[in-house]
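Here the structure is laid out as structure tokens; the discussion comes afterwards.
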Amino acid sequence: MREDLEIVARQLGREPRGVLAIAYRTPDGQPAVVKTAPKLDDGTPFPTLYYLTDPRLTAEASRLEVAQVMKWMESRLGTDPDLKADYRAAHEHYLAERNAIEDLGTDFSGGGMPDRVKCLHVLIAYALAEGPGRVRLGTEAVALAAEHGNMRGTAIPEDWPTLDDLGITLEEAGEGLA
């Protein structure tokens, strides 16, 4: 774990705080998502259970955000009841996982869940840590990163669902992605 934390510190450009475990490691062996304590050592609340650290993934999450992917995802929450239910279930699972470690006494999870899509970094970290079946919008964000960022097999598993598998395209997902 010590070697992993040294890598994470280099990835972040600072010492990581509250790390409980490496929640996801890339196919090329790098720690990429850390599971963090709900409170830091000094008692500061830190509600982000899964934190994205791999610079390739964080850069691609930022590119997807600039392309307005969050706006596209959020608009679908208002029109697709199944997607909305999936997002709510992912929010409740996130809270349950975090509260099992330490209950912060809040219903805030992360990334805008369950009503908004506010941060692709959180959704990508959550999906990579939990796998492609946990949060549909996170699964989609990882698939978008895999294709747009050409990271399948390096930062993202080779067998992660593709955009074709998910029935989405780069063109519909964000401005200038195709």
Side-chain angles (χ1 to χ4, degrees), residues 23-24 26 32-36 38 45-54 56-100 103-178:
Y24 170 74
T26 64
V33 176
V34 293
K35 186 174 191 176
T36 60
F46 192 77
T48 304
L49 180 62
Y50 298 115
Y51 195 88
L52 194 62
T53 64
D54 184 287
R56 299 167 294 183
L57 292 167
T58 58
E60 187 58 28
S62 294
R63 283 190 284 275
L64 294 173
E65 287 180 352
V66 167
Q68 303 294 313
V69 170
M70 297 174 309
K71 184 177 180 182
W72 169 72
M73 288 178 165
E74 193 167 307
S75 72
R76 292 168 48 223
L77 284 176
T79 61
D80 184 335
D82 292 336
L83 185 62
K84 188 170 183 73
D86 177 88
Y87 205 48
R88 171 144 310 270
H91 162 74
E92 290 169 2
H93 175 78
Y94 192 101
L95 287 176
E97 289 293 304
R98 190 185 68 210
N99 290 347
D103 192 337
L104 293 178
T106 179
D107 63 357
F108 172 79
S109 56
M113 290 187 279
D115 301 312
R116 297 177 30 222
V117 181
K118 187 174 138 187
C119 180
L120 294 183
H121 297 78
V122 168
L123 281 178
I124 288 172
Y126 185 18
L128 288 170
E130 295 270 341
R134 176 60 63 199
V135 54
R136 168 71 187 213
L137 292 178
T139 301
E140 290 178 4
V142 173
L144 287 164
E147 186 159 329
H148 183 257
N150 195 28
M151 291 190 272
R152 192 173 295 277
T154 56
I156 295 170
E158 190 70 43
D159 62 350
W160 194 269
T162 66
L163 295 180
D164 283 344
D165 294 338
L166 299 170
I168 59 176
T169 65
L170 286 173
E171 292 85 5
E172 72 182 310
E175 298 172 10
L177 287 180

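Keep in mind that what you see is a predicted model, and the values were worked out from it rather than measured.
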Below 4.5 Å, heavy atoms only, C-beta onward: do Leu128 and Leu57 meet side chain to side chain?
yes

Report the residue from Thr162, Val142, Asp159 that forms a side-chain contact (heavy atoms from CB on, under 4.5 Å) with Arg152.
Thr162

Where Arg116 and Tyr87 come nearest, the two heavy atoms and their spacing:
O-OH, 2.9 Å

Rounded to the nearest 0.5 Å, the CE atom of Met73 sits from the CG atom of Leu123 at a distance of 6.5 Å

Does the Trp160 side chain pair with the main chain of Thr139, one donor and one acceptor, at a distance under 3.5 Å?
yes

Nearest 0.5 Å please: distance from the CD atom of Gln68 over to the OG atom of Ser75.
11.0 Å

Determine, step by step, whether Thr26 and Ile156 satisfy the side chain to side chain contact (heavy atoms under 4.5 Å, CB included) criterion, reporting the C-alpha distance in whole Å, the side-chain angles of both residues, the deciding distance to 0.1 Å, and the verdict.
CA-CA 6 Å; Thr26 64; Ile156 295 170; over 6 Å; no

Side chains of Arg136 and Leu166 in contact at under 4.5 Å (non-hydrogen atoms)
yes

Nearest heavy-atom neighbours spanning Met70 and Val117:
CB-O, 3.5 Å

Sorted by chain and number, sequence neighbours left out, salt bridge (Lys or Arg N to Asp or Glu O under 4.0 Å) with Arg56 holds for Asp28, Asp54

Check Ala141 against Ile124 and note the closest heavy-atom contact, atom names and distance.
CB-CG1, 3.6 Å

Within the structure provided, determine whether Asp107 and Leu95 are in side-chain contact (heavy-atom separation under 4.5 Å).
yes

Would a 4.5 Å heavy-atom cut-off, applied to side chains only, mark Glu140 and Pro161 as touching?
no

salt_bridge(Arg63, Glu60) N-O dist < 4.0 Å
yes

May I ask you to decide if Leu49's main-chain N or O and Tyr94's side chain share a donor-acceptor pair within less than 3.5 Å?
yes

Where do His121 and Glu65 land on the side chain to side chain contact (heavy atoms under 4.5 Å, CB included) test, with the steps shown first?
CA-CA 9 Å; His121 297 78; Glu65 287 180 352; 3.2 Å; yes

Report yes or no: does Thr48 contribute a side-chain atom to a donor-acceptor pair with the main-chain N or O of Tyr50 at less than 3.5 Å?
no

CD1 of Ile168 to CD of Glu147, rounded to nearest 0.5 Å, is 9.0 Å

On a heavy-atom basis, the closest approach of Leu52 and Ala61 is CD2-CB, 4.4 Å

How would you list, by chain and number, every residue that makes a side-chain hydrogen bond (donor to acceptor under 3.5 Å, both in side chains) with Glu97, sequence neighbours excluded?
none

Mind jotting down which residue pairs meet the salt bridge (Lys or Arg N to Asp or Glu O under 4.0 Å) criterion with at least one end in residues 162-172? Sequence neighbours excluded, please.
none

Are side-chain heavy atoms of Thr53 and Thr58 found at a separation under 4.5 Å?
no

Tell me whether the count of non-hydrogen atoms from other residues, nucleotides or ligands lying under 6.0 Å of CG in Asn150 goes above 12.
no

Exactly one candidate in Lys84, Arg88, Glu92 meets side-chain contact (heavy atoms from CB on, under 4.5 Å) with Pro114; the answer is Arg88

If we only count heavy atoms from C-beta on, is the Leu137 to Leu83 side-chain gap below 4.5 Å?
yes

Student check: side-chain heavy atoms of Asp115 and Leu77 closer than 4.5 Å:
no

Has the side chain of Asp86 got a donor or acceptor atom that lies under 3.5 Å from a matching backbone atom of Val135?
no

Nearest heavy-atom contact between Leu177 and Ala67 is CD2-CB, 3.6 Å

Main-chain N/O of Leu64 paired with His148 side-chain donor or acceptor, under 3.5 Å:
no

Side chains of Tyr24 and Glu130: any donor to acceptor distance under 3.5 Å?
no

Taking the side chain as C-beta and beyond, is there a heavy-atom pair between Val33 and Tyr51 under 4.5 Å?
no

Expected output: side-chain Arg134 to main-chain Tyr126 donor-acceptor under 3.5 Å
no

We want to know whether Ser109 and His93 form a side-chain donor-acceptor pair, criterion being a heavy-atom distance below 3.5 angstrom.
no

Would one find more than 12 heavy atoms of other residues, nucleotides or ligands at under 6.0 Å from atom NZ of Lys118?
no

